[in-house]
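Have a look at the structure below, then the notes.
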Amino acid sequence: MEERDDLEVKEKTSLNFLERIIEDDLANGRVPNNEIITRFPPEPNGYLHIGHIKSICINFGLADKYGGRCNLRLDDTNPEKEEQEYINAIKEDIQWLGFDWGIHEYYASDYYQNLYEIAVRLIEEGKAFVDSLSAEEMKEYRGTLTEAGRNSPYRERSIEENLRLFEEMRQGKHPEGSHILRAKIDMSSPNINMRDPALYRIKFAHHMRTGDRWCIYPMYDFTHPISDALEGITHSICTLEFEDHRPAYDWATAIDGVEHTPHQYEFARLNINYLVMSKRRLLNLVKLGIVTGWDDPRMPTISGIRRRGYSPEAMKDFIGRVGVAKVEGVVDYSLMEFCVREDLNKRAKRLMVVLDPLKIVIDNYPEGKVEYFEAVANPEEENSPTHQIPFTRELYIEREDFMEIPAKKYHRLYPGNEIRLKYAYYITANSVVKDEAGNILEVHCTYDPLSKGGTTPDERKVKGTSHWVSASEGVSIEARLYDKLFLSENPGKATGNYLDDLNPDSLVIVPDAKAEPEILKARRGDYLQFIRNGYFTLESKESTEGHPVFNRTVTLKDSWAKLKLKMEQE
RNA sequence: UGGGAUGUAGUGUAAUGGUAACACUGCAGAUUCUGGUUCUGCCUUUGGGGGUUCGAGCCCCUCCAUCCCAGCCA
């Protein structure tokens, strides 16, 4: 221990592949002004989910690390699916994570005029044409994965006719689906994305930002690279499924007149086992009313996990631990739980709440007496604040903290056994009161007055300690306990019948416990940690007007449940 | 079976031609005013086969496996 300082702490400098690319580009003067510019380009067609956190952390993180910047760009080129509500939510979620795009908030729709002009220029140069094939015909002409496609019969239209048609498309003179602007690349390319990709389609849809000004909208393969170029993006980082689009990206940034040439790099998206992470499916859960909204605490959306009490720090730590690579893997849910637990353990305020109450009557404690004990908010914290907890003759403890016939290795309350009520007294169980059906209604105990504060003069030890709540002084709260996020039975990505797969794993518990000072405190916000194996969060009143809800954030290692199972098997 | 990518403990990620490692999980033990926390220990790894090299997870060849692509979505 005295040699600590002499130990050479090996600086861990291993870089991920993107950092290596950037450092190499920087070292070789390939970055204009040495300013790394990335972008996070979500389509505002839904709420951001946990998977997006990886992309956000990579793009904003890289910009931070290398002293550049990251633009927020809303990729709004499909007016039928996009909504202002989503834009607001996206911005809130990124900010919650602690990232700031400053003044660099852009919209693909800001570039509609530029894009249009570039398209006209492509037509003039004979590099794009108006195709009048139907969607079905186009598909047929495209060929298959193993067979080359054929040129559209409209491919050789004159430049004049193409120009006229495209202009008419813009003016709304043609119905949706009648014409489409395509790039002339190569119908026999083994890469299907290069078989004369569509550039512009007709859509008589109202756009939330441009209204009815346009009725032709540019496609991703055209919009994205040019938006990147226009914004001076140096490193355009996306997920693996766009690898096949990189040639199209390079084609677009090579168009005459497009000044800046960004480069696209791809990384593996985040998959977490049993977690449903597809905007389409999440939207479905919302539409079908299976959840209360995108921010339902069971949803793996950023707003959902925020409501359950996950912290941005924990999620960023999680992403850091997952790493960045090109391997399509599936991360264990338990790693995310670990990160949340680790963070919450350091900062969560501990409050005692009984979720599944069992009444305890202390026969030798005076009726009507109320005594207060001091509890610390967070034992992990030095000089942690304390608060007073009322103790009375009748209390509630957790139902699982009592067993009439104890299992092996059970050292909580059972007839004849002595345990400690945290911060208060030692009690010993004597007798049990049951109803006709044999359900335990209450347990009668006696307490040791000398054990006040949780220790005794003779320093005898007890093996069990339980949390408790006063029956008369406590407050009743409506609690909804969520175990995990919506999980699928499919360990990889959720598939077809994911709705059947979903295991809500939630239950409603209404504890009988009544007002306690610490519960009132909790109601003002923050983390509420408690219980043997779990952390709980209480939503702040502000964010859930009228819906006081308890959310159990994570299930800790369910060691108790496992032990119980083991004992049952023995 | 066209093209593009990827294979390192159960999972994720390092090792950039020089002793295969870190974290999570799992298992065991110690501590403990909650069977939590904390601490300690253990288990398990380079997809297969060739080649180059004094030396290969890394370079070459080959086989195998997995993922992505046939929207007028992004």
Side-chain angles (χ1 to χ4, degrees), chain A residues 12 14-16 20 41-43 45 75 77-78 80-82 108 131 133-135 138-140 142-149 176-182 189-195 198-203 217 219-221 223-224 238-247 266 268 273 279-280 320-339 341-342 345-346 350 352 375-376 379-380 398 401 409-412 419-424 453-455 461-467 529-535 556-564:
Chain A
K12 214 190 167 190
S14 68
L15 303 174
N16 67 46
R20 249 175 241 144
E43 182 190 9
N45 64 346
D75 214 352
T77 55
N78 187 356
E80 288 166 344
K81 292 185 176 174
E82 297 152 5
D131 200 347
L133 249 27
S134 69
M138 232 179 102
K139 182 175 179 174
E140 204 184 309
R142 186 158 34 231
T144 67
L145 293 177
T146 52
E147 297 159 42
E176 286 185 15
S178 60
H179 302 290
I180 188 164
L181 186 73
R182 299 177 73 179
S189 170
N191 182 345
I192 289 184
N193 299 302
M194 297 299 272
R195 319 242 257 233
L199 262 27
Y200 264 96
R201 79 286 212 188
I202 301 169
K203 246 184 222 287
Y217 291 95
M219 301 288 292
Y220 170 86
D221 274 335
T223 313
H224 201 87
C238 60
T239 45
L240 245 32
E241 68 266 27
F242 291 100
E243 268 176 326
D244 289 341
H245 292 257
R246 197 182 332 132
E266 309 86 10
N273 50 14
K279 266 194 205 169
R280 206 192 88 234
R321 286 169 190 265
V322 164
V324 182
K326 297 191 74 160
V327 190
E328 277 269 23
V330 183
V331 177
D332 277 341
Y333 191 95
S334 61
L335 180 62
M336 182 173 68
E337 285 191 317
F338 168 82
C339 295
R341 244 188 286 130
E342 189 181 54
N345 182 48
K346 270 182 278 182
R350 272 68 162 170
M352 295 208 287
V376 291
E380 303 288 317
E398 215 66 58
D401 281 356
K409 296 179 190 168
Y410 187 87
H411 44 254
R412 294 188 227 171
I419 64 159
R420 170 167 43 228
L421 290 176
K422 192 171 172 75
Y423 300 124
T455 49
K461 303 234 176 192
V462 284
K463 280 195 163 179
T465 299
S466 283
H467 57 277
Q529 186 242 19
F530 168 69
I531 306 260
R532 199 170 307 281
N533 281 340
Y535 290 90
L556 293 196
K557 320 178 171 198
D558 246 353
S559 46
W560 168 239
K562 278 176 195 164
L563 186 66
K564 203 151 79 177

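Protein chains get the first letters and strands the later ones, always in sequence-line order, with residue 1 at the start of each.
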Quick one, [X] and [Y] - any side-chain contact, counting heavy atoms below 4.5 Å?
X        : Y        : answer
A:Met336 : A:Val331 : no
A:Leu335 : A:Glu337 : no
A:Glu328 : A:Leu240 : yes

Say we look at [N] and [M]: how far apart would their [atom1] atoms be, to the nearest angstrom?
N     : M     : atom1 : value
B:A28 : B:A65 : P     : 39 Å
B:C68 : B:A74 : C1'   : 15 Å
B:C58 : B:A23 : P     : 25 Å
B:U52 : B:C60 : P     : 15 Å
B:U11 : B:G3  : C1'   : 31 Å
B:U13 : B:G7  : P     : 9 Å
B:U25 : B:G12 : P     : 15 Å
B:U37 : B:C73 : C1'   : 48 Å

Watson-Crick/G-U partner (both atom distances under 3.5 Å) of [N]:
N     : result
B:C43 : none
B:U31 : none
B:C54 : B:G18
B:U6  : B:A65
B:U11 : B:A23

Salt bridge flag under 4.0 Å for residues A:Lys81 and A:Glu43: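 No salt bridge links A:Lys81 with A:Glu43.
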So, A:Lys326 and A:Glu266, do they make that salt bridge, N to O below 4.0 Å? yes
[X] has an atom [atom1]; how far is it from atom [atom2] of [N], in whole Å?
X        : N     : atom1 : atom2 : value
A:Tyr217 : B:G71 : OH    : C1'   : 18 Å
A:Glu241 : B:U6  : CD    : P     : 15 Å
A:Lys422 : B:G36 : NZ    : P     : 14 Å
A:Asp221 : B:A74 : CG    : P     : 9 Å
A:Asn193 : B:G2  : CG    : P     : 18 Å
A:Glu147 : B:G3  : CD    : C1'   : 14 Å
A:Glu337 : B:G12 : CD    : P     : 17 Å
A:Asp244 : B:C73 : CG    : P     : 19 Å

Would you indicate what [X] reaches in the nucleic acid, counting non-hydrogen atoms under 4.0 angstrom: base, sugar-phosphate, or nothing?
X        : result
A:Val324 : sugar-phosphate
A:Arg321 : sugar-phosphate
A:Phe242 : base
A:His224 : nothing
A:His179 : nothing
A:Leu335 : sugar-phosphate
A:Leu181 : nothing
A:Asp75  : sugar-phosphate
A:Ser134 : base
A:Thr144 : base
A:Gly329 : sugar-phosphate

Which nucleotide in the set [options] lies at the smallest distance from any side-chain heavy atom of [X]?
X        : options             : result
A:Val331 : B:C73, B:G12, B:A70 : B:G12
A:Arg341 : B:A14, B:U37, B:C72 : B:U37
A:Lys203 : B:C73, B:C24, B:G4  : B:C73
A:Glu43  : B:A74, B:G3, B:G10  : B:A74
A:Met138 : B:U11, B:U37, B:C72 : B:C72
A:Glu328 : B:C67, B:G4, B:U13  : B:C67
A:Met219 : B:A14, B:A5, B:G71  : B:G71
A:Ser14  : B:G12, B:A15, B:G36 : B:A15
A:Leu145 : B:U34, B:G3, B:C69  : B:C69
A:Ala325 : B:U13, B:C72, B:U25 : B:U13

From the list A:Glu80, A:Glu82, A:Glu176, salt bridge (Lys or Arg N to Asp or Glu O under 4.0 Å) with A:Lys203 holds only for A:Glu80
Which heavy atom in A:Ala268 sits nearest to a heavy atom in A:Val327, and how many Å separate them? CB-O, 3.1 Å
Any idea which heavy atoms bring A:Tyr423 and A:Val376 closest together, and the distance? OH-N, 3.4 Å
Closest-nucleotide 5' rank along RNA chain B - winner of A:Val327 and A:Leu421: A:Val327
Of A:Asn78 and A:Lys463, the one whose closest RNA chain B nucleotide lies more 5': A:Lys463
Under 4.0 Å from OP1 or OP2 of [N]: is there any side-chain N or O of [X] that close?
X        : N     : result
A:Lys326 : B:A5  : no
A:Arg201 : B:A74 : yes
A:Arg142 : B:C72 : yes

How would you label the glycosidic angle of B:G12: syn (within 90° of 0) or anti? anti
Between A:Asp221 and A:Asn193, do the side chains contain a donor N or O and an acceptor N or O under 3.5 Å apart? no
Could you walk me through whether A:Arg321 and A:Glu342 pass salt bridge (charged side-chain N to carboxylate O under 4.0 Å, His left out), step by step? CA-CA 13 Å; A:Arg321 286 169 190 265; A:Glu342 189 181 54; 3.3 Å; yes
